[in-house]
*Asks:* 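I have a structure I would like to understand better, so I am pasting it below and will then ask my questions one at a time.
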Amino acid sequence: MKWCANSIRTVLLSAFAVLALLIAGLAGGDVYSEWQRLNKITQLKNATVISEKLFDATEKFSIERDIALTILHAPETLETLQPRLTESRMAADAAMNDAMGSLRQYRFPELDQLQQKTLSYRTEIEKLRQQISRTVSDRATSPTLEKKWYDTVTALTEQTEDLWLGFAGHFSDIDPTATLHMRYWHCLRIIMDNTGHERAAIAELISTNAAPTPQQSAELWHNRGAVDLSWKTAEILAAQSGLFPIISAEFSDAKSHYETLQDMTENIFYLPDAHSGTYPIGADIWLELSSELGDSLDDLKAASHKEIVRYVMNFRVKAQQAILFHGLILMIALTLCIYTFHLVTNRVVHPINYMIDALLSIANGKPGAFVPPQRRQLAEIGNLMQIMNALQRNVEAALLLAAVVESSEDAIISKTLDGKILSWNRGAEHLFDYSAAEAIGQYINLIIPPKYMNEENQIIAQIHEGKSVDHFETVRMAKGGRLIDISLAVSPIRNAAGEIIGASKTARDITERKQAEAQLLRYMRDLERSNQELDDFAYIASHDLKEPLRGLFNHASFLLEDYEGKLDEDGVKRLHRLAHLSRRMEHLVNDLLYFSRLGRAELAIQETNVHQIISDIEEMMESFLHERNAHIIVPKKLPKIVCDKPRITEVFRNLITNAVKYNDKPERIVEIGFLDRAETPQGPENGVFYVKDNGVGIEPGFHQEIFRIFKRLQPADGSKEEGTGVGLTFVKKIIERHKGRIWLESIPGQGTVFYFTLGR
């Protein structure tokens, strides 16, 4: 029996291990297949490059063919076209050598014969080039040489086309889109080659001023049909592969150039009897028009090649990502296989064997002690031994929860979905004055005022959806009709299957809080009214005070104007003093009004550049600073902050003004900076601005006095610098409104540093 049990467990464990290894094998197979696919994609990328090289070679040979034919037809164009002929020969040879050299890295047996045939045409072309050079140098023409040159170069381009088709066929099964790209590329090659044939044939007719023969007209119509079909096919293939939206501009431009050229030449060169006299365009003009078409086709080719290469590169990246992903799956599968084998062996097989051995010993009447395995081996089997203890703890926890519910001061009620009350704790008895016996079995509308029944229906609808209701403030009704403000929380009750079978309500009496909120609201309204009255009073008082003050100032000014010559020195001095005091009193009233509003105005919080604030202040105070030989320096970059920009501007302006005014040095220096961290008597502070001067300094006993309103350390009478003594009071108030604080360090005779923080 024991052997059988062990065998079954061993078989199951082995089967699980085999399954895990199978998963790992499949993942490994995916990695291998993706690796092979990546190699093919890499070959496809290289093939795309070689395809471009072959395309480029045939195009350059076609250009050389057309230029050479033009010179042979019209020797007088030799001086004009000789540099282009030489350049095209060099470019064609370089392109073909590059393409053939790249092809040698691929060992496709069927390509050897095609390559040899292509090379034989190149050898023939070299001989024809020499004959052409001799002929054109003698300013002679040779129809036989022209035909042979045209046929040989055309045969080379066609042979190169066959070579490309044989080469590209090896990569047509890698990706459907890449295959469409190859077919599109083939159509584009046909378009460029056939348009080259057309342009060369028409150039020959123009240079000889000969009417097209029926055979030439047939060839032109044949080329045109092939090109038209290739345009349509290329557009379809580009659209199917997703290429067209990207190259549509170049495609449309090249096609438009071709159609324009066709419209110009259709009735001239495509009909045998259309020629009479002299063609309306010359060889040079035709070469220029052909070059424009060639340029647009080159642009289309370049745009197409760029997008095809980009697609292949993205395709390659995706393959690499797939390899990484499947490799990760493989590692995870192997890890899970090893871990699962270890886990099942140590936490299932060994504990079960241990329990069976103990039970068999006891069943056979032998002594046996049922000792649980070590802690690291408990896991699932060890948990079985603790089920009864867990059940007992759950029962105790349920009894404790029931006691908590019963002793809660909040009303806790459970009910069915149709509203029948199932439980009613003591808190509910105290709140609603119904005993549990009176409430249980009744419907919940027992405590709901009639006008609030719609709320209950909405709550039940949310409970049906499995949603809870939290902190819902409403009104309920106690026994006798007494209304109570409560905060309500309702949650769904679910059975073991997860079905909603009822609702649990917790109600808290918030009558006192509601009364306190109402009282607080009244206080706030009274405070708002008081603040408004204070603002009105401050405005009226300032207005009423400023009127007589202005009168005093004006009368004193009038007396000085009219009677200054009649009064003695003491009288004039007193009138000046009266005018000065009137103006000072008006400033004090204005500052008092501003201070009264400063603490209640809302802050316009925004992101602010402190450097811009300092620059604006320097510009505004330019004459003030210049007259006092004062300079503002900022040692390092100041941070951007979130603040009320106009208020913080006022802070810096007041501190800078004081630093300049109360300074007896020949050159007055004001330094503005920022510290990430600063040590203060009250503890470290982060984010500290400072304004430092080299002025007269402040005695320690006045470090707090200077922030009191209208407090000036220098007397107002006869002082050199005028002021009302409220600047630093405003500064302190603004900084405190920003949740910050301000303090200073000063050495009399050496200068003062004001530090401040901004908490918001």
Side-chain angles (χ1 to χ4, degrees), residues 603-700 702-704 706-707 713 721 723 727-760:
L603 296 177
I605 298 300
Q606 59 181 311
E607 186 178 63
T608 302
N609 187 333
V610 180
H611 275 288
Q612 187 60 47
I613 288 178
I614 304 304
S615 297
D616 292 344
I617 292 173
E618 281 190 280
E619 183 177 352
M620 180 178 62
M621 300 176 63
E622 181 179 0
S623 14
F624 174 81
L625 297 172
H626 180 71
E627 290 172 359
R628 291 159 176 79
N629 192 27
H631 305 283
I632 297 175
I633 60 173
V634 181
K636 64 178 183 178
K637 185 176 181 180
L638 300 175
K640 291 184 177 180
I641 60 175
V642 177
C643 67
D644 184 322
K645 182 178 178 180
R647 299 282 187 258
I648 297 304
T649 301
E650 187 172 354
V651 168
F652 279 106
R653 183 180 59 78
N654 272 293
L655 293 176
I656 292 170
T657 301
N658 284 351
V660 174
K661 285 170 60 176
Y662 303 111
N663 196 315
D664 56 357
K665 303 298 188 296
E667 183 181 9
R668 307 179 184 190
I669 304 298
V670 182
E671 178 182 326
I672 300 173
F674 177 81
L675 303 174
D676 293 326
R677 184 179 177 87
E679 296 294 334
T680 74
Q682 289 75 27
E685 289 280 0
N686 295 324
V688 180
F689 288 94
Y690 68 86
V691 178
K692 179 180 179 182
D693 64 63
N694 62 339
V696 298
I698 302 172
E699 294 289 344
F702 296 104
H703 283 191
Q704 295 302 321
I706 60 174
F707 293 109
L713 298 186
E721 298 288 353
L728 289 178
T729 307
F730 292 164
V731 166
K732 186 172 184 293
K733 192 68 174 180
I734 292 169
I735 290 173
E736 288 175 348
R737 285 296 309 278
H738 282 77
K739 310 299 183 186
R741 73 183 187 92
I742 184 169
W743 70 97
L744 69 140
E745 295 177 358
S746 180
I747 300 176
Q750 297 184 21
T752 303
V753 185
F754 282 92
Y755 299 94
F756 65 91
T757 62
L758 299 173
R760 57 182 299 177

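Computation of the quantities below employed the complete heavy-atom set of this structure, encompassing side-chain atoms and omitting hydrogens, waters and symmetry-equivalent molecules.
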*Asks:* Can you check side chain to side chain contact (heavy atoms under 4.5 Å, CB included) on Phe652 and Phe689, steps first, answer last?
*Replies:* CA-CA 10 Å; Phe652 279 106; Phe689 288 94; 4.1 Å; yes
*Asks:* Would you say Lys665 has more than 12 foreign heavy atoms packed within less than 6.0 Å of its NZ?
*Replies:* yes
*Asks:* Supply the atom-to-atom distance Asn609 CG to Ser615 OG, rounded to the nearest 0.5 angstrom.
*Replies:* 8.0 Å
*Asks:* Determine whether the side chains of Glu685 and Tyr755 contain a donor N or O and an acceptor N or O closer than 3.5 Å.
*Replies:* no
*Asks:* Is there a donor in the side chain of Asn663 and an acceptor in the side chain of Asn694, or the other way round, less than 3.5 Å apart?
*Replies:* yes
*Asks:* Take Thr657 and Phe624 through the side chain to side chain contact (heavy atoms under 4.5 Å, CB included) test and state the conclusion after the steps.
*Replies:* CA-CA 9 Å; Thr657 301; Phe624 174 81; 4.2 Å; yes
*Asks:* Just by modelled atom types, is the Val660 backbone N or O under 3.5 Å from a matching donor or acceptor in the Arg668 side chain?
*Replies:* yes
*Asks:* With sequence neighbours excluded, tell me which residues meet side-chain contact (heavy atoms from CB on, under 4.5 Å) with Glu619.
*Replies:* none
*Asks:* For Thr729 and Ile706, what are the C-alpha separation, side-chain angles and deciding distance, and is it a side chain to side chain contact (heavy atoms under 4.5 Å, CB included)?
*Replies:* CA-CA 8 Å; Thr729 307; Ile706 60 174; over 6 Å; no
*Asks:* Under a 3.5 Å distance rule, please check whether Thr608 uses its side chain to pair with a backbone N or O of Gln606 as donor and acceptor.
*Replies:*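 Indeed, once roles are kept as given, a pair shorter than 3.5 Å links the two residues.
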*Asks:* Give a yes or no answer on whether the side chain of Asp693 reaches the backbone of Thr752 with a donor-acceptor pair at less than 3.5 Å.
*Replies:*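 Yes; judged by distance alone, with no hydrogens or angles, the pair exists.
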*Asks:* Taking atom OG1 of Thr649 and atom CG of Asn654, what is their separation to the nearest 0.5 Å?
*Replies:*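 Interatomic distance, Thr649 OG1 to Asn654 CG, rounded to 0.5 Å: 11.0 Å.
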*Asks:* Compare every heavy atom of Thr757 with every heavy atom of Gly687, then report the nearest pair and how far apart it is.
*Replies:* O-CG2, 3.8 Å
*Asks:* With a cut-off of 6.0 Å (strictly less than), are more than 12 heavy atoms of other residues, nucleotides or ligands near CG of Leu675?
*Replies:*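 More than 12 within 6.0 Å, yes.
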*Asks:* With a 4.5 Å limit on heavy-atom distance, are the side chains of His631 and Leu625 in contact?
*Replies:*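 The answer is no, as the side chains (C-beta and beyond) never meet within the 4.5 Å cut-off.
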*Asks:* Roughly how far, to the nearest 0.5 Å, is the CD1 atom of Ile735 from the SG atom of Cys643?
*Replies:*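 With rounding to 0.5 Å, SG (Cys643) is 11.0 Å from CD1 (Ile735).
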*Asks:* Is a side-chain N or O of Asn629 found less than 3.5 angstrom from the main chain of Pro666, in a donor-acceptor match?
*Replies:* yes
*Asks:* Can you tell me if Thr680 and Arg741 form a side-chain donor-acceptor pair at under 3.5 Å?
*Replies:*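 Yes, side-chain donor-acceptor contact under 3.5 Å.
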*Asks:* Below 4.5 Å, heavy atoms only, C-beta onward: do Asn686 and Asp676 meet side chain to side chain?
*Replies:*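 Result no, sub-4.5 Å side-chain heavy-atom pair not found.
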*Asks:* Given 3.5 Å as the limit, does a donor-acceptor pair link the side chain of Ser746 with the main chain of Gly751, or not?
*Replies:* yes
*Asks:* So which atom in Leu758 and which in Ile641 form the shortest heavy-atom distance, rounded to 0.1 Å?
*Replies:* CD1-CD1, 3.6 Å
*Asks:* For Glu622, look at atom CD and say whether over 12 heavy atoms of other residues, nucleotides or ligands are found less than 6.0 Å away.
*Replies:*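 Check fails, neighbour count at 12 or below.
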*Asks:* Just by modelled atom types, is the Leu638 backbone N or O under 3.5 Å from a matching donor or acceptor in the His611 side chain?
*Replies:* yes
*Asks:* Rounded to the nearest 0.5 Å, what separation is found between the CD1 atom of Ile614 and the CD1 atom of Ile656?
*Replies:* 4.5 Å
*Asks:* Is the closest side-chain heavy-atom distance between Phe674 and Val688 below 4.5 Å?
*Replies:*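 No, their side chains stay 4.5 Å or more apart.
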*Asks:* For the atom pair CZ (Arg653) and CE (Met621), what is the distance rounded to the nearest 0.5 Å?
*Replies:*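 Separation between the atoms: 7.5 Å.
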*Asks:* Begin from the C-alpha positions of Ile648 and His738 and carry the test side chain to side chain contact (heavy atoms under 4.5 Å, CB included) through to its verdict.
*Replies:* CA-CA 9 Å; Ile648 297 304; His738 282 77; 3.9 Å; yes
*Asks:* Under a 4.5 Å cut-off applied to non-hydrogen side-chain atoms, are Lys732 and Phe756 in contact?
*Replies:* no
*Asks:* Which heavy-atom pair separates Pro639 from Val610 by the least distance, and what is that distance?
*Replies:*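 Closest pair (atom of Pro639, atom of Val610, distance): O-CG2, 3.4 Å.
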*Asks:* Excluding sequence neighbours, so at least two apart, what forms ring pair (Phe, Tyr, Trp, His ring centres under 6.0 Å) with Phe754?
*Replies:*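 Counting only residues at least two positions away or on another chain, Phe754 forms no ring pair (Phe, Tyr, Trp, His ring centres under 6.0 Å).
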*Asks:* Once rounded to the nearest 0.5 Å, what's the spacing between atom CD of Glu679 and atom CZ of Arg677?
*Replies:* 5.5 Å
*Asks:* Is the shortest side-chain heavy-atom distance between Val753 and Val691 below 4.5 Å?
*Replies:* no
